[in-house]
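To start, the structure under review is shown below, and the notes come after it.
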Amino acid sequence: MAEIVREGNLFHLRNDRISYILCVMPEHALAHLYFGRRLSRLDPDQVLRHAGSGDTYNFTLQECGLDRLPQEYPSFGLGDQRVGALKIENADGSTAADLRFVSAVIEQGKPALAGLPATFGDNCQTLRISMKDQQTNVQVELLYTVFEDCDAIARSAKITNGSLADIRLTGAMSLSVDLPDDQWDFITLNGAWARERGVYRRPLMPGHQGVSTQCGASSLQQSPFLALARRETSEAQGEAIGAALIYSGNFLAQASVYQNGSTRVMLGINPDDFSWLLQPGDSFQTPEAALVYSAQGLGGMSRAFHTLWEKHLLPRKWLNAHRPVLLNSWEAAYFDFDEEKLVSIAKSAAEAGVELFVMDDGWFGHRDDDTTSLGDWTVDKRKLPGGLGRLSDRVRALGLQFGIWMEPEMVSPDSDLYRAHPDWAIHIPGRAGITARHQLTLDLSRKDVQDFVYQAVSTTLKESRAAYLKWDMNRNFSNIGSTALPVDQQKELPHRYILGLYSVMERLVKAFPNVLFEGCASGGGRFDPGMLYYVPQFWCSDNTDALCRCRIQYGTSMFLPPSTMGSHVSAVPNHQTGRITPLQTRFAVALGGCFGYELDPRKLTEEERSALQGQVKYAQDSESTRLHGGMYRLLSPFEGNDTAWITVSKDQKEAVFTYVRGQAQANAAPALVKLQGLSPEKRYTVQETGQTFGGDELLFSGILCKVDGGNAASLLYTLKAVEA
Ligand code: DGJ
């Protein structure tokens with residue numbers, strides 16, 4: 001059960017496994033006391049003596065005492081020399097904010113956040129704390145939610161200008177927490193296009209360490225996530241704390257180590273180049289952040305995130321709904337197609353049992369390459385003379401659903417849209433436009449642009465009778481300026497853009513409740529919990545090479561569940577790496593997410609085509625275990641030649657185990673991989689070999705992974721519990 005208990009000045013948020021404790025200090029500052037395993041009670045004195053480093057401590061403002069106080073929502077300028085969560089330019093030009101506790105309310109459930117994606121649910125309790133600077137009348141409302149079914153605390157802040165003058169926010173974090181020590185490793189997910197979310201782990205050091213973006217998105221290079229793991233913490237054992245931001249724009253995720261080894265963790269909108277005008281009475285709502293605790297290693301931390309998103313964030317409609325096995329035309333045809341070719345590919349896909357055919361880029365305007373036509377969402381009659389309707393009808397007549405690609409946030413300079421509305425692109429007047437992939441970004445902070453995007457997508461969905469939309473986004477911000485915003489509000493553009501995007505997504509998913517939206521941003525460039533509130537799955541990476549995908553999917557699973565990862569089998573030699581890997585390995589790896597194909601099935605051999613039928617059937621039959629079971633990482637491709645993971649059904653009766661050996665080894669012993677997540681009391685039969693093992697044997701001794709010779713060899717085992 002999740003509950004929030006108030007004992008005097010102490011607030012204790014807890015479920016059966018975790019506790020989060022804060023307290024109101026004598027001068028009404030808000031102190032952070034504890035986050036970790038569930039406690040029955042906590043005496044604040046020990047924690048505060050430790051922080052104050054002495055027998056006596058003085059956390060008064062007068063004595064600059066805030067510098068040592070572990071705090072919940074620290075501000076700048078009143079003696080705390082550490083980085084603050086809140087920075088305000090007051091009407092008098094000063095930047096200090098003296099936030100003092102005013103009141104607290106405990107509520108059942110979880111309030112929504114206006115205009116922003118956020119967790120929801122009934123089996124949780126929320127603490128609403130009001131703070132106020134008595135001198136400026138700036139008010140801050142902090143929300144904390146504790147959940148019954150996952151070991152997470154959700155946090156956000158709302159800042160209200162209660163004064164009679166304008167103020168400016170120049171930093172408003174979603175979450176700040178002061179941990180008492182720094183004996184942690186620091187983990188982030190970093191990468192690049194086609195190399196998203198590599199796992200980087202290093203000891204936490206004095207000073208700041210973190211990740212941030214300023215490109216307008218959560219990005220290919222960073223993820224709005226960080227983790228702290230004890231030095232000895234492994235995948236299966238030890239303490240880990242994870243933090244993630246439910247946001248898709250510029251962010252900061254940072255851990256800072258200060259004197260005496262205290263660690264301040266912060267997540268929120270990147271304060272660099274951020275400023276927000278608050279007129280009297282205005283409020284600013286920060287995005288939500290989630291903090292999870294695990295005593296079961298990094299695997300436990302990841303599963304806590306997976307459960308949080310699956311039960312409290314992802315679109316309800318798709319939670320347990322079947323995700324159709326799809327074939328996407330991109331790597332099959334790129335821009336080079338017409339109606340006959342697409343229908344012929346779709347026919348071949350249908351013969352393999354594929355359920356959804358997706359037409360990717362190139363169907364509109366006069367787009368034969370990426371230099372033109374974004375924004376002109378009218379069908380290219382040269383390629384599709386019968387329009388979207390006829391193509392869709394023909395595809396659907398084959399027994400497939402029809403899906404379509406759009407990149408609605410963009411405009412090509414060579415487009416009718418740009419010629420009609422040059423002001424709709426993000427730009428700085430007078431400066432030459434900077435294109436990337438020959439395109440400009442539409443200014444989604446503008447209501448007229450939001451309406452245009454909504455209309456363009458709605459019309460396309462209606463005309464094509466599509467059951468699926470791949471929403472792509474392929475460039476970063478540059479020349480950041482909006483002609484719709486006054487000079488002194490230009491720094492609001494990146495956040496206003498994301499609010500505009502969310503508002504369009506909200507309208508669309510409501511208007512088209514049966515359409516499956518898949519996010520994409522040059523692959524996984526905006527694959528974050530914010531987007532996942534609207535789109536239940538995201539194209540994990542443009543890199544479809546099976547060995548690269550082992551790393552990308554392994555890293556992604558640190559905080560995002562398999563059910564969100566778009567993952568396809570592609571042709572060889574692979575289009576990104578030139579590598580040739582066995583079809584079986586490409587299949588086994590693609591099963592790690594929402595399964596599909598990214599190839600022209602007509603070009604496969606007879607033997608490969610018949611293998612596809614078995615693959616599709618397997619993907620369908622194993623879907624619930626693969627996508628909604630618990631995921632356990634077993635061997636890390638970041639630490640060795642092998643990758644292994646297993647997904648185990650909630651009732652522990654079924655599991656799908658994947659093992660991939662990267663490079664072939666001469667005279668090497670086959671790996672003996674200890675499984676996780678199974679019941680030690682049950683016996684399991686490996687369907688592919690017919691062998692039966694005790695669950696305890698698989699867990700504590702391991703399963704022998706003997707693979708054929710050659711690079712990228714793999715095993716895919718389906719484990720079923722033997723009925724008693
Ligand atoms: C980038 C995406 O990641 C690809 O899958 C594909 O849709 C292209 N854009 C199309 O331009």
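Below, all heavy atoms of this structure are taken into account, side chains as well, without hydrogens, waters or symmetry copies.
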Spacing of [atom1] belonging to [X] relative to [atom2] belonging to [Y], to within rounding of 0.5 Å:
X: Met406; Y: Met473; atom1: CE; atom2: CE; result: 15.5 Å
X: Thr378; Y: His366; atom1: OG1; atom2: NE2; result: 9.5 Å
X: Ser373; Y: Trp363; atom1: OG; atom2: CH2; result: 10.5 Å
X: Met558; Y: Thr556; atom1: CE; atom2: OG1; result: 10.0 Å
X: Leu678; Y: Asp696; atom1: CG; atom2: CG; result: 10.5 Å

Do [X] and [Y] come close enough that some side-chain heavy atom pair is under 4.5 Å?
X: Trp471; Y: Arg526; result: yes
X: Cys548; Y: Arg579; result: yes
X: Leu508; Y: Phe517; result: yes
X: Pro529; Y: Phe305; result: no

Using 30° and 60° as the class boundaries, would you call the ring planes of [X] and [Y] parallel, tilted or perpendicular?
X: Phe595; Y: Phe587; value: perpendicular
X: Trp405; Y: Phe364; value: parallel
X: Phe335; Y: Trp330; value: perpendicular

Ignoring hydrogens and angles, tell me if any N or O in the side chain of [X] forms a donor-acceptor pair with the backbone of [Y] under 3.5 Å.
X: Gln665; Y: Gln663; result: yes
X: Arg323; Y: Ser563; result: yes
X: Arg609; Y: Leu604; result: yes
X: Glu688; Y: Thr718; result: yes
X: Arg394; Y: Arg390; result: no

* Could Arg382 and Asp368 be called an ion pair, given the rule that one side-chain N must be under 4.0 Å from one carboxylate O? ->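 So Arg382 pairs with Asp368 through a salt bridge.
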* Is the shortest side-chain N to carboxylate O distance from Asp376 to Arg367 below 4.0 Å? ->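 No, no charged N to carboxylate O under 4.0 Å.
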I'd like to know if the side chain of [X] pairs up with that of [Y] as donor and acceptor (distance under 3.5 Å, no hydrogens or angles considered).
X: Asp545; Y: Thr581; value: no
X: Gln620; Y: Glu355; value: yes
X: Glu331; Y: Gln576; value: yes
X: Glu407; Y: Asn474; value: yes

* Pick one: which of Phe225, Trp309, Phe538 meets ring-ring contact (aromatic ring centres under 6.0 Å, His included) with Phe527? -> Phe538
